[in-house]
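Not measured: the values here are computed from a predicted model. So you know, we letter chains A, B, ... as the sequences are listed, proteins then strands, and number each from 1.
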2 protein chains.
Amino acid sequence: MTSTTRDKMIAGAADLMSRRGVNATSMRDVVRHTATPRGSIGHHFPDGKPQLLAEAVRFAGQRVSVRLDKVLSELGVIAGFRAFVTSRRRRLETTQFEAGCPVLAVAVDHYVGETSDKGETRDEATQQHLLDLAHDVFTDWQQVMLLALKREGLEAARATRLATLVVAVIEGTVALCRAARSTQPLNHAQQELELILSEALARKAE
Amino acid sequence: MTSTTRDKMIAGAADLMSRRGVNATSMRDVVRHTATPRGSIGHHFPDGKPQLLAEAVRFAGQRVSVRLDKVLSELGVIAGFRAFVTSRRRRLETTQFEAGCPVLAVAVDHYVGETSDKGETRDEATQQHLLDLAHDVFTDWQQVMLLALKREGLEAARATRLATLVVAVIEGTVALCRAARSTQPLNHAQQELELILSEALARKAE
DNA sequence: GACTGGCTATGTCAAGCGTCATAGAATACA
DNA sequence: TGTATTCTATGACGCTTGACATAGCCAGTC
């Protein structure tokens with residue numbers, strides 16, 4: 001095995017990021033939360049916090065991507081989407097609307113390293129890198145959705161737009177539900193989105 | 001005048017929050033960014049950072065709400081929505097995709113005060129309050145959209161769901177555009193949303 | 001001109017942060 | 001068994017943070 005400590009740290013970091021954001025998640029929080037040794041951080045992540053954040057984004061992105069792909073190809077677009085939303089809803093409920101999305105957190109909350117010299121140049125390179133990673137994840141999710149739509153015969157351009165819309169709605173809805181401490185925004189968005197998707201698929205031949 | 005210093009601080013805080021998130025925005029950053037005196041913070045915001053954050057959320061929420069209402073009632077739902085999206089797009093472009101939404105930041109990035117006693121109880125009350133404020137803002141925006149849709153004859157239940165969808169898409173799209181450093185996600189979402197809205201309005205009589 | 005009260009400037013403080021160094025434990029292989 | 005390598009534990013460091021205290025400025029008013 002390649003040390004489960006490392007994996008626990010990554011998963012724990014992703015979890016904390018999804019709940020609190022990037023900067024509200026300290027490395028000490030991560031080791032507390034995962035019951036892992038603090039000294040191991042330097043060992044497993046020699047590049048420090050940015051590296052841990054990056055791995056957490058990749059990890060969470062891939063986990064969702066795999067699940068989305070599975071459910072879409074097994075159940076088709078409509079039922080698959082419904083199943084995916086249901087799992088998101090359950091996660092919101094079981095965590096009392098605390099859990100969000102670590103990738104969204106990276107896209108919204110800028111990482112702030114040490115302010116190096118004079119506060120003039122923040123750690124912009126790291127932030128750009130994290131944003132790139134978040135973009136890769138978003139693109140990956142869109143791609144999964146896109147392929148599912150095309151698989152059911154939808155034209156490429158329309159499918160691309162719809163895939164973007166779906167990802168945007170999911171991310172935005174997470175924020176609304178957290179603020180509302182309710183799944184109602186998710187329910188409303190789901191209803192409308194299912195309508196849109198089924199109409200689009202029904203007209204694919206035109 | 002009731003001291004422009006206070007207002008500049010609030011607007012500056014909202015701006016920084018929208019770019020960096022809640023915890024990456026320090027009070028010292030705000031005074032640097034707005035060229036306001038550091039010592040005045042305790043004077044204008046005796047409750048400290050939480051108070052400044054709260055006022056920033058209210059300020060930004062109201063500003064958007066007013067603009068959205070104006071444009072929707074002057075131009076109607078479709079053209080008004082288009083105009084609103086256009087202004088968001090311009091803002092993204094002129095800030096090189098740095099500016100986001102301070103309300104979204106509050107919903108994603110948890111405020112962390114001093115960890116009081118033993119790290120067990122974070123500043124949960126303050127965070128709940130900020131989330132409530134964010135929820136009020138989101139609700140307000142949805143209400144503005146809802147009224148515009150009803151004004152054009154849409155049935156209440158459908159209008160409610162669409163209003164939620166629109167707000168969710170706008171917030172989610174901000175994140176996608178920031179990560180992509182591109183307005184393409186906004187463009188795609190806008191196209192689909194205009195389609196949905198015009199179809200819904202066209203069928204209002206059924 | 002002196003007084004006064006709202007504002008500004010600057011320094012100090014405890015606490016938390018990420019990082020690093022160093023020492024100890026555990027594990028794997030000969 | 002011995003030893004090398006990998007992992008864990010703990011403390012120290014330099015820094016930033018929000019909060020506070022104290023002193024100075026600068027209108028207005030009598």
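Ion pair Arg89(A)/Glu93(A) not flagged as a salt bridge, since none of the NZ, NE, NH1 or NH2 atoms sits closer than 4.0 Å to an Asp/Glu carboxylate oxygen.
Closest contact between the side chain of Ser26(A) and the listed nucleotides dG18(C), dA9(C), dT6(D) involves dG18(C). When the nucleotides dG18(D), dT8(D), dG18(C) are ranked by their closest atom to the side chain of Met27(B), dG18(D) comes out on top. Of the candidates dA9(D), dT19(C), dA9(C), dT19(C) carries the atom nearest the Pro50(A) side chain, counting heavy atoms from C-beta on. Nearest nucleotide to the side chain of Thr5(B), out of dT8(C), dT10(D), dG18(D): dT8(C). When distances are taken from the side chain of Asp29(A) to each of dA19(D), dC17(C), dA9(D), the shortest belongs to dC17(C). The Lys49(A) side chain lies nearest to dT19(C) when the options are dT12(C), dT19(C), dT8(D). Comparing atom distances between the Arg28(A) side chain and each of dC17(C), dC7(C), dT6(D) picks out dC17(C) as nearest.
A pairwise comparison of heavy atoms in Met17(A) and Ala56(A) identifies SD-CB, 3.8 Å as the closest pair.
Rounded to whole angstrom, the span from the CD1 atom of Ile41(A) across to the C1' atom of dT10(D) amounts to 14 Å. dC7(D) atom P lies 12 Å from atom CG of Asp7(A), rounded to whole Å. Taking atom CG on Asn23(A) and atom P on dT16(D), their separation rounds to 15 Å, with Å as the unit.
You'll find the side chain of Arg181(B) reaches within 4.5 Å of the side chain of Asp132(A), heavy atoms only.
The base of dG18(D) lies outside donor-acceptor range of the side chain of Arg38(B), with no N or O pair under 3.5 Å.
Checked against His110(A) for a side-chain hydrogen bond (donor to acceptor under 3.5 Å, both in side chains), the options Arg20(B), Arg178(B), Arg19(B) give a single hit: Arg178(B).
Backbone-only engagement by Gly48(B) is indicated by non-hydrogen atom pairs under 4.0 Å involving sugar-phosphate atoms exclusively.
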